[in-house]
Amino acid sequence: MTTKERLHQLVDEIGDEQADELLRLADALLDRQRTPRPRPTWVGALANAEPDLAERSEEILRTELGHNAA
């Protein structure tokens, strides 16, 4: 028996009051899936970053902190 078949079987077995509650839960679940979530503010930060961050960090260490690159 598939999950959907089992769900159909359970729905057939519940009373009207339980059906109302189950419907509210199902609607809330589907609404969460349909509603796009806002993206965190940091999303896209790397898209605007320099192409090679590792190379740039090595350059900063060499010039600003006097470290020699290996």
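Reckoned from all heavy atoms, side chains included, excluding hydrogens, waters and symmetry mates. Computed from a predicted structure; not experimentally measured.
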E59/R62 ion pair, N-O < 4.0 Å
no
M1 and E5: which non-hydrogen atoms are nearest, and at how many Å?
CA-OE1, 3.3 Å
The reported gap from CG in L23 to CD1 in I14 (rounded to nearest 0.5 angstrom) is 9.5 Å
How long is the gap from CZ on R56 to CD1 on I60, to the nearest 0.5 Å?
4.0 Å
Contact list for residues 15-31, test side-chain hydrogen bond (donor to acceptor under 3.5 Å, both in side chains), sequence neighbours left out:
D31-R34
T3: partners by side chain to side chain contact (heavy atoms under 4.5 Å, CB included), with sequence neighbours left out:
none
